[in-house]
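These notes are about the structure you will find just below.
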Amino acid sequence: MTIEITQVREPVSTAVVRRTAVASAPVGILADIRNVFVRELMPVLRNPASVLFAMVQPLVFLALFAPLLPETPTGSALQWFVPGIVSMTALMSASFTGANLSEEIVSGSFERLLVSPVRRSALMIGKSLREMVPLVLQTLVIVVAVAPFAFDVHVIGIVSGILVLVPFSVGLGALSLALAVAAKDQAWVFWTVQQTAIFPLLLLAGVLLPLDGAPGWLQTAADLNPLRYIVDAERALFAGDYPMDTIASGVVGSMVVGVLGLWVGVRAMNRAS
């Protein structure tokens with residue numbers, strides 16, 4: 001007698017899981033600019049002493065020149081001198097922006113950035129926008145340093161002066177980055193051009209000495225310097241005055257440097273290899 005045991009298996013319902021592919025949204029240029037800006041800003045936030053270290057030269061100028069300033073019938077000569085020092089600080093800080101890029105080029109990290117998905121235009125703009133933060137911090141340090149010495153603080157004028165300087169700093173920072181890209185791994189080329197250009201721009205802006213009695217050829221050269229109009233606007237704003245023609249000239253000069261600098265910088269970055 002044979003007994004057959006039949007095992008009955010109940011059908012198991014298998015759930016079919018359907019996965020719908022989600023297309024990742026393309027990252028826009030504004031997001032790229034933000035990411036590059038945050039990346040460039042992190043060293044400043046981690047080491048804020050670097051911003052203060054950059055203030056050594058402007059503070060030395062203030063300490064050495066302030067005692068030599070003559071008394072003026074309208075008030076302290078610091079009211080004329082300090083806005084020039086603020087403009088000089090913006091010029092110095094922005095012109096040194098390309099030095100960091102030169103180090104990245106030598107180390108090879110810049111090549112990795114070029115092959116990353118980040119747009120090259122965003123790479124240039126984000127690096128240039130970083131200059132806004134040192135500009136604000138350095139201006140505040142200078143104002144705090146001179147406030148106890150017969151310097152009238154006009155908050156609205158100072159804030160307006162910073163806003164006028166922002167396009168200039170960003171554009172000059174972009175030009176400095178473009179110079180570093182053109183110099184590639186030859187850092188001496190960057191420093192030679194930077195040091196050769198920075199002091200004529202500084203002197204022709206009337207930062208340290210007035211240009212009222214300058215000869216005709218020097219006046220003409222100064223008239224071609226956008227920084228001169230920016231310095232005049234800064235002096236009016238820091239004094240609490242708001243002459244529209246002077247301020248408009250300063251804004252136009254700052255915007256010209258900003259637009260031109262970003263245009264040159266983006267073209268240089270797009271052609272970098």
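Note: hydrogens, waters and symmetry copies are ignored here, and every other heavy atom, side chains too, is used.
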If every non-hydrogen atom of [X] is compared with every non-hydrogen atom of [Y], which pair is closest and at what distance?
{"X": "Phe149", "Y": "Leu78", "result": "O-CD1, 3.0 Å"}
{"X": "Ala272", "Y": "Val181", "result": "CB-CG1, 3.7 Å"}
{"X": "Val266", "Y": "Ile125", "result": "CG2-CG1, 4.3 Å"}
{"X": "Ala94", "Y": "Ser169", "result": "CB-O, 3.5 Å"}
{"X": "Asp32", "Y": "Pro117", "result": "OD2-O, 4.5 Å"}
{"X": "Gly161", "Y": "Phe238", "result": "CA-CE1, 4.3 Å"}

Identify which one of Asp223, Leu204, Val207 satisfies the side chain to side chain contact (heavy atoms under 4.5 Å, CB included) criterion when paired with Arg228.
-> Asp223
Worked verdict on Lys127 versus Glu104 for salt bridge (Lys or Arg N to Asp or Glu O under 4.0 Å) | CA-CA 13 Å; Lys127 284 178 172 290; Glu104 292 181 359; 3.2 Å; yes
Is there a side-chain contact between [X] and [Y] (heavy atoms, below 4.5 Å)?
{"X": "Asp241", "Y": "His154", "answer": "no"}
{"X": "Asn270", "Y": "Arg267", "answer": "no"}
{"X": "Glu234", "Y": "Ile158", "answer": "no"}
{"X": "Thr139", "Y": "Thr89", "answer": "no"}
{"X": "Ser128", "Y": "Leu262", "answer": "yes"}
{"X": "Met132", "Y": "Val136", "answer": "no"}

One should read off an interatomic distance between Ile156 CD1 and Tyr242 OH, to the nearest 0.5 angstrom, of 5.0 Å
With rounding to the nearest 0.5 Å, note down the distance linking CG in Leu203 to CE in Met88.
-> 11.0 Å
Sole residue of Ser176, Ser93, Ser95 in side-chain hydrogen bond (donor to acceptor under 3.5 Å, both in side chains) with Glu131 | Ser93
Does anything in residues 171-210 pair up under ring pair (Phe, Tyr, Trp, His ring centres under 6.0 Å), and if so which pairs, sequence neighbours excluded?
-> Phe96-Trp191
